[in-house]
Amino acid sequence: MAAALLANALYSTGFVLEKRALGSLPQVTVREPLRLLRLVLGSPLWIGGSLSLAAGFAAQLAVYRTLPIAAAQGIFVSGLVLLVLLSARLLGEETTGRERYALAAILAALLMVVLSLDERSDTVSRAAPYALVLTICLPSLAMGVWLYRSAERRARHRHRLPTTGVEYGVAVGLLYGVSSLAIKGVSSYLTAGGLGDAVVGVLRSPYPYLLLFTGAFGLVMSQAALQRCRASLIVPVCTTVTCLFTAVLGTLSFGESLPDDPLRLALRLSGTVLAVAVLLSMPKHDPPAPPTAPQSPVSAKELTPP
């Protein structure tokens, strides 16, 4: 539990620092990844945010060794509250009433998931069939990249309303969901005998290569999306998609069974459905900026030199 809360704090701090650093950089795009990397690596503030995210990754490894996947996701999403507070305090981002209700509903949904857990019957699985993991992950990666490119094409239309970032958040969330499954897979090898055996086992598995792909593409895609959209909305959407993806498909692929008790099963399924419904109902566009008042015309007499 302590490692999960620490991961929440590190992830929220990292995203906010990266968002603040991106605000002072020239516009970045996924079509120029090398330029994007050169710009962000030249920002000490962005490097500090990325180090915070890396530390959150290490804490997440410890969580997956001791908690069932569904329980871990419920705790991770509780960090959205901290993220919204930091975004308002450090970035000056304001959420609408509808978005605040949506976030509250998401927290309620994931509280239902947490209440469905029973440490007496829930087990922490250590392995999953590689074929099943790849069958889940590869189509998800393709869908995430396709969805991001579709959002990019629509965003380039001149007369389109500014996007809130929901589409970007879903796309990046799918990539990070695959990454979360890979982290779960790597954590299973850390319980093996010696360090050498653990390293050999990890390299023989698909997990480090999934992490490499999601790390490279997720870095480029998330930074471009963070620069264009509010962190207080895009990160909660991304986190929700990641957690639902990991909780549902991770539970199935790693063989962590659903609750036998009808009440706990109803809580877990209802919480999942509620979170998905809230995600689909969130606004896709920011309201247009109010028109600026026209300046009063200057009379010809005022332009006449004395």
Side-chain angles (χ1 to χ4, degrees), residues 1-15 18 49-80 110 113 122-141 144 169 171-192 195 197-219 221-222 235 238-256:
M1 182 72 72
L5 295 176
L6 177 62
N8 280 346
L10 291 169
Y11 279 136
S12 298
T13 302
F15 278 122
E18 287 188 350
S50 63
L51 290 176
S52 180
L53 292 177
F57 166 82
Q60 193 175 0
L61 280 174
V63 173
Y64 281 142
R65 292 178 59 187
T66 53
L67 287 178
I69 292 176
Q73 303 316 306
I75 299 171
F76 287 147
V77 175
S78 66
L80 296 179
L110 289 154
V113 174
D122 291 331
T123 57
V124 181
S125 178
R126 300 299 182 191
Y130 294 160
L132 179 58
V133 170
L134 292 176
T135 301
I136 291 173
C137 292
L138 294 182
S140 302
L141 292 175
V172 178
L174 287 173
L175 263 71
Y176 285 165
V178 172
S179 178
S180 190
L181 287 186
I183 294 172
K184 169 66 176 177
V186 170
S187 70
S188 65
Y189 288 95
L190 299 181
T191 60
L195 179 60
D197 293 337
V199 171
V200 171
V202 168
L203 292 178
R204 287 179 176 176
S205 73
Y207 302 125
Y209 313 105
L210 290 174
L211 283 174
L212 182 62
F213 182 90
T214 55
F217 278 79
L219 172 65
M221 292 164 58
S222 63
V235 176
C238 175
T239 303
T240 302
V241 172
T242 299
C243 289
L244 289 174
F245 180 96
T246 309
V248 176
L249 298 180
T251 297
L252 295 176
S253 59
F254 281 87
E256 295 180 351

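Computed from heavy atoms alone, side chains included, the values below leave out hydrogens, waters and symmetry copies.
Interatomic distance, L249 CG to L132 CG, rounded to the nearest 0.5 Å: 9.0 Å. Taking CZ from F213 and CG from L175, the interatomic distance works out to 6.5 Å, rounded to the nearest 0.5 Å. Atoms OG and CZ, on S179 and F245 in that order, are 10.5 Å from each other to the nearest 0.5 Å. For the atom pair S253 OG and K184 NZ, the distance stands at 9.5 Å (nearest 0.5 Å). Atom-to-atom distance recorded for T246:OG1 and Y176:OH is 13.0 Å, nearest 0.5 angstrom. Atoms CG and CG, from L53 and L219 in turn, are 10.0 Å apart once rounded to the nearest 0.5 Å.
Put simply, the side chain of Y64 does not reach to within 4.5 Å of the side chain of V186, judged on heavy atoms. Looking at L174 and L141, their side chains never come closer than 4.5 Å, going by heavy atoms from C-beta outward. Here the side chains of S180 and Q60 are in contact, with some heavy-atom distance below 4.5 Å.
In this structure, I136 and S140 approach most closely via the heavy-atom pair O-OG, 2.7 Å. Here the closest heavy-atom approach between residue T242 and residue G173 is recorded as OG1-O, 3.0 Å. Closest of all the heavy-atom pairs between V63 and A4 is CG2-N, 3.4 Å. Here the closest non-hydrogen pair linking A59 and A3 is CB-O, 3.7 Å.
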Please output the side-chain donor-acceptor pairs of residues 202-212 that fall under 3.5 Å, not counting sequence neighbours, one pair per line with the distance.
residue, atom, partner, partner atom, Å
S205, OG, V202, O, 2.6
S205, OG, Y207, N, 3.4
Y209, OH, L203, O, 2.8

